[in-house]
Amino acid sequence: MTDTQILAEKKPTGPFSRWLAMLWADKFAFLAALFLLVILLCALFGPILLEGIATKQNLRGRNAPPFDIARGWLYVLGADALGRPLLARVVVAAQNTILVAAAAVLASSIVGTVLGLVAGYSRSAAAQWIMRLGDVIMSFPSLLLAVIVLYMLEPSVANIVLVLAITRIPIYLRTTRAEVLEVRERMFVQAAKVMGASHWRIVFRHILPVIIPTLVTIATLDFAFVMLAESSLSFLGIGIQAPEITWGLMVAQGRPYLTNAWWLSFWPGLAIILTTLSLNLLSNWLRIALDPTQRWRLEMGGRKNG
Amino acid sequence: MVEHLLEVRDLSVEFHTAVGTVRAVQNVSWHLDRGETLAILGESGSGKSVSASAIMNLIDMPPGKITSGTILLDGRDMLKMTPEERRLINGAKIAMIFQDPLAHLNPVYTVGWQITEMMTTHGQTGGGANVRALELLRRVGITDPEKAMRKYPFQFSGGQRQRLMIAMAIACKPDILIADEPTTALDVTVQAQVLELLQELQQETGMGMLLITHDLGVVAEIADRVVVMNSGCIVETGNAAEVYRDPQNAYTKKLIAAAPGKGAMPEERSRQGDPLLHGVGLKKSYGSFQALKGVDFFIMPGETVAVVGESGSGKSTLARAIVRLDDPQEGQVLYRGKDLLAMTPKEMFGLRRDLQMVFQDPTQSLNPRMTVYQLISEAWVIHSDILPKAKWKDRVSELLVKVGLKPDMAERYPHQFSGGQRQRIAIARALAMEPKLIICDEAVSALDVSIQAQVIALLEGLRREFGLSYLFIAHDLPVVRDFADRVIVMKAGEIVEEGPVRQIFDAPVHPYTQALLAASLDPDPDVQATRRAARRRQEGLVPA
Amino acid sequence: MKSFIGKRAIASGVSLVVLIVIVFFLSRLTGDPTDLYLPLDATTEMRQQFREINGFNDPLIVQFGRYVSDLVQGNFGQSLRQARPAMDVVLEAFVWTFWLAVITMALVTVAAIIIGSLAAFRVGGVFDRIATFFSLIGAAAPDFWLAIVAIVIFAVKLHVLPTSGTGSVWHWVLPVGVLFIRPFGLILQVVRGSMISVLSSAYVKTARAKGVRSTSIIFVHGLRNAMLPVITVIGDQSAAILNGAVVVETVFGFPGIGKLMIDSILLRDFAVVLAVIMVSALAIFIMNLLIDLAYALLDPRIRY
């Protein structure tokens with residue numbers, strides 16, 4: 001056989017260590033994943049461990065400046081207007097922030113993907129209606145929707161998730177539909193049809209797996225977007241309400257003290273930036289890692305993606 | 001020492017890739033003189049284009065790296081020149097044309113702009129360049145040049161686009177023209193015209209021409225000397241006719257032996273009984289375009305029927321109509337007397353097993369996210385009555401061996417295989433259904449010549465073993481010559497001629513079949529020279 | 001082209017009608033504006049009178065019918081808060097937002113295209129790394145936080161820029177500067193990615209074989225092709241600002257349409273809310289047409 005075989009003989013390692021090695025190959029993505037893991041742990045266990053400390057007022061420590069650990073390491077980022085340690089509050093606030101974004105992304109991605117599969121694959125009238133629905137949601141200023149709904153209903157976590165999820169559905173709907181329209185004309189889908197595969201099988205076995213990496217990449221990016229949107233709502237006072245806390249709300253709460261205690265708004269804002277940045281970096285990495293034809297860039301190790 | 005127009009000495013180039021450093025070419029040396037045509041012949045991965053890329057400074061470093069050698073242009077080493085000096089040579093002294101001119105012309109600028117840019121880049125004024133561009137377009141045979149100047153590349157046909165590329169390349173009267181697979185994507189009749197144009201231009205200007213190709217026929221038609229490459233090394237050089245007549249190297253011998261269209265044609269088999277598949281009056285149109293204008297055909301059990309035609313002939317539409325990927329508007333497809341087109345989805349499902357298809361490009365016809373095992377066993381997932389699950393693993397191994405692969409390859413993904421291997425996987429997948437008829441839609445067109453021969457041999461073997469029938473769709477006549485029992489020639493949605501393979505090749509009746517045969521290139525330079533002479537004599541009689 | 005615009009107009013018109021109906025009813029469900037506009041000690045009679053004048057006593061469907069018939073006559077209703085025609089209030093605010101969007105997006109587009117193209121020319125080089133780093137951070141920064149940080153630095157500490165209101169050129173610096181950062185980061189990423197794939201395309205190879213200069217390859221051969229996906233993102237980002245840069249307008253006291261919308265919803269100034277929706281829907285419709293026009297100008301394959 002004269003074919004030049006380009007075959008990388010793989011060592012028989014488990015999938016977990018393979019993914020880890022690919023993550024290690026891109027140092028920025030590795031740091032991003034590490035940071036996100038820390039945030040996730042904060043979100044899961046932060047409130048259980050630090051709830052009490054984060055809400056305990058300490059009038060002598062009002063607006064205590066950062067980098068002063070005389071009061072204990074929890075005060076390393078300073079304290080807020082009621083003397084509550086900022087570090088503890090940032091950790092506790094992670095839960096609401098992450099929970100809202102995760103729930104909204106999960107809901108919108110599932111609904112959007114299913115609708116997109118139908119709109120892309122089926123040639124029935126339903127497909128047309130789904131697209132019109134998407135157009136209407138897209139043309140709706142999302143903030144207006146949020147303000148009205150949150151004003152009408154209670155600004156609770158569930159309602160915020162609902163509003164954010166509805167406004168993000170079109171992203172998944174359009175992406176999925178566009179991809180389905182392209183993938184279903186591909187030769188391997190035609191080959192499956194010639195074999196007599198059912199619509200169910202074609203959609204879920206042949207089309208969906210090809211689209212999922214794109215969707216995961218988008219969802220990662222969208223997670224950051226939703227988090228920013230929730231923070232904006234909370235900042236404007238129509239999102240999560242005190243005494244619940246999110247990072248966006250913390251920034252808003254620090255606003256009156258800008259002139260003498262910048263750190264009140266600074267740290268939660270930094271948490272938002274770093275989380276968003278990490279999600280963007282991870283999304284860039286996923287784009288490559290989930291594509292079998294691009295994956296070698298990471299499996300070679302050490303090379304820059306770009 | 002004789003000074004050549006262009007000389008490459010001991011050139012080695014490395015590329016950093018997924019599997020580490022690949023030596024694309026090693027110690028390659030060749031030269032080109034004024035007025036001659038040198039062909040670099042090789043299959044994919046042979047490194048045949050690398051030296052041309054090095055000459056044009058098109059190798060990106062990294063990942064590429066020139067590790068040794070010199071490239072002498074009129075005695076000066078190009079590799080020691082500054083980037084600015086190299087840039088001024090490109091286009092002015094050495095010009096290049098590529099395969100797939102649609103991709104190689106900028107889609108958002110007019111043709112006129114792109115041709116004049118070549119000249120203004122190298123110091124001509126806009127007005128002069130415009131006049132010259134019109135003259136060039138006329139010379140390469142573009143009708144209505146004034147209008148063509150204002151049009152965009154996508155508004156031309158494939159053959160015209162290659163003429164545009166050629167006009168652009170010769171605009172600054174270069175000493176050397178490098179043509180990288182200039183006719184590969186073109187229909188055979190168009191290919192003949194483009195090659196003729198290149199020959200004429202060379203005679204007019206006396207430029208040296210470097211032709212990079214995988215096609216022995218192109219070498220036979222146009223080259224004075226040939227350099228044969230394999231795996232980055234030159235294995236043989238010499239006069240084109242001599243190399244063909246008396247190849248010294250084992251690889252060259254194999255390559256020449258693999259060229260299609262030389263073996264004995266199969267004997268006509270007796271036709272008895274009812275046809276396996278019978279198409280009646282098939283019509284299909286897309287909007288106002290009629291892809292099929294009433295096509296009738298039949299295939300007997302165990303028979304191989306080739307459908308040959310150029311792009312737009314409707315041959316692929318026919319294949320898609322038979323397997324109901326794209327139902328025709330009129331007509332019947334009778335399989336053992338029953339009309340497929342009138343069947344319910346359920347009836348059709350049962351028959352899917354009998355009719356399988358192998359597509360042109362295995363890269364696209366195999367789901368990139370499924371392993372070979374999953375790809376092949378999918379047949380039994382869909383048609384669960386073929387094989388109980390316990391036997392799947394053994395059967396996959398068996399099928400892989402049958403198509404010339406190894407059983408331990410079952411857990412790999414398609415992108416880990418070469419093109420030829422992928423097409424074998426696609427064939428194994430078709431066989432898993434235990435079909436009666438396999439439709440091969442340009443199944444070997446994308447493969448290298450030597451791989452092409454192997455895949456055809458495989459198909460031939462399977463036919464004998466399982467009594468399969470084939471409907472073999474191709475754009476090129478020589479490929480089907482030693483394989484098909486019967487040939488159907490299609491043009492513009494109609495069958496223009498049909499008959500046993502011997503009749504089609506030895507005594508074609510329809511002028512289009514004759515033109516197709518005349519345009520298809522024979523790998524033997526002497527045969528091509530005779531044909532060329534004949535063509536010159538009856539210039540004007542050959543339909544354009 | 002005409003039928004294309006027509007189809008678009010119909011689709012947008014349908015969306016707008018749906019939107020108006022939803023907002024009309026939803027907004028009225030948020031409560032009765034009477035309490036917000038009359039003093040706490042207002043008598044029941046006064047309240048009744050207020051409701052009567054503004055038509056809040058009729059059933060919702062009757063109010064809607066009246067609103068529609070007014071609309072048909074070109075009357076968009078009165079602003080409760082400012083006691084003048086709602087459309088006047090909205091158009092005044094829209095002009096501010098319009099210029100804010102135009103200035104910001106013009107700067108973003110120019111900067112992102114130049115820097116993104118140059119970064120793509122040497123992938124992995126020093127310039128590329130710096131540009132990518134800052135664009136990633138820019139794309140991640142929330143605008144309300146940037147606004148606060150900017151105020152602290154430029155107004156509180158350095159005393160060089162005004163923090164709020166309008167009046168001089170200097171009042172535009174902070175809002176534009178803060179709005180600039182996120183779209184700049186996002187668009188730079190898209191320009192870079194698009195340019196990388198264009199620079200590895202076959203026609204760029206041809207240009208190199210022709211001996212075309214590097215600058216000409218990037219900005220003549222590459223850029224026009226690379227712009228196609230970029231335009232879509234520019235459109236999305238412009239739409240976001242046109243729809244109301246609520247946070248930035250609120251923080252900097254900028255009298256634009258976003259601030260107007262929030263204020264109007266909170267004060268249940270229904271006529272203004274609906275007028276805002278209509279004006280921004282029209283603005284976005286026109287902008288999408290401009291985007292399509294730009295597509296057609298850049299790519300002849302769309303024109304024919």
Side-chain angles (χ1 to χ4, degrees), chain A residues 1-10 12 15 18 22 25 123 179 182-214 216 288-306, chain B residues 16-20 22 43-46 230-231 251 254-255 320 323-325 345 348-353 355-370 374-375 378-379 381-383 404 412-421 426 429-430 432-433 439 448 450-451 454:
Chain A
M1 180 146 292
T2 54
D3 295 355
T4 34
Q5 291 191 10
I6 302 185
L7 294 177
E9 294 295 338
K10 281 205 200 67
R18 237 183 78 219
M22 279 201 283
R123 293 177 198 267
E179 293 265 315
E182 191 260 319
V183 174
R184 77 165 187 200
E185 296 305 321
R186 289 211 202 154
M187 280 302 166
F188 63 83
V189 175
Q190 313 264 309
K193 277 187 195 161
V194 173
M195 292 171 87
S198 62
H199 293 309
W200 192 258
R201 186 173 175 80
I202 287 175
V203 169
F204 287 97
R205 193 74 188 85
H206 290 278
I207 297 181
L208 194 59
V210 177
I211 303 177
I212 275 186
T214 315
V216 170
I288 296 169
L290 289 172
D291 185 344
T293 57
Q294 296 277 312
R295 200 177 282 165
W296 59 268
R297 293 172 187 276
L298 296 168
E299 286 176 334
M300 277 172 70
R303 293 281 306 276
K304 291 264 6 119
N305 52 36
Chain B
H16 297 284
T17 67
V19 284
V22 169
E43 296 184 305
S44 52
S46 63
N230 182 30
S231 312
Y251 174 77
K254 204 180 99 187
L255 201 63
R320 294 173 62 84
V323 290
R324 292 198 65 181
L325 277 174
M348 190 62 205
F349 177 77
L351 274 179
R352 289 267 181 217
R353 281 186 58 178
L355 303 174
Q356 275 308 297
M357 191 149 171
V358 176
F359 294 87
Q360 170 171 13
D361 187 352
T363 318
Q364 287 168 29
S365 71
L366 301 174
N367 189 333
R369 292 181 191 271
M370 287 166 85
Q374 286 170 328
L375 285 164
E378 186 172 28
V381 179
I382 296 168
H383 297 269
R412 290 190 191 159
Y413 287 89
H415 73 270
Q416 294 171 294
F417 293 89
S418 68
Q421 289 174 319
R429 174 173 67 178
M433 300 282 260
I439 297 163
D448 278 331
S450 57
I451 312 296
Q454 290 168 9

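Letters A, B, ... mirror the listed sequences (proteins, then strands); counts begin at 1.
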To check you understand the geometry: which heavy-atom pair defines the closest contact between B:S365 and A:A191, and what is its length? O-CB, 3.9 Å
What part of B:L351 gets within 4.5 angstrom of chain A, counting heavy atoms only: side chain, backbone, both, or neither? neither
Among the listed options B:R353, B:M357, B:M370, the residue most often paired with chain A at heavy-atom distances under 4.5 Å: B:M370
Could you grab the distance from atom CG of B:L325 to atom CD of A:Q190, nearest 0.5 Å is fine? 5.0 Å
Considering only heavy atoms, which portion of B:Q374 lies under 4.5 Å from any heavy atom of chain A: side chain, backbone, both, or neither? side chain
Checking B:V381 against chain A: side chain, backbone, both or neither under 4.5 Å from a heavy atom? side chain
Should A:R201 and B:E378 count as an ion pair when the cut-off is N to O under 4.0 Å? yes
Could you walk me through whether A:M195 and B:R429 pass the side-chain contact (heavy atoms from CB on, under 4.5 Å) check? CA-CA 9 Å; A:M195 292 171 87; B:R429 174 173 67 178; 4.0 Å; yes
Which atom pair, heavy atoms only, marks the closest approach of B:F349 to A:G196? CE1-O, 3.0 Å
With a 4.5 angstrom heavy-atom cut-off, could you sort out which part of B:R324 is near chain A: side chain, backbone, both or neither? neither
Nearest 0.5 Å please: distance from the CZ atom of A:R186 over to the CG atom of B:N367. 9.0 Å
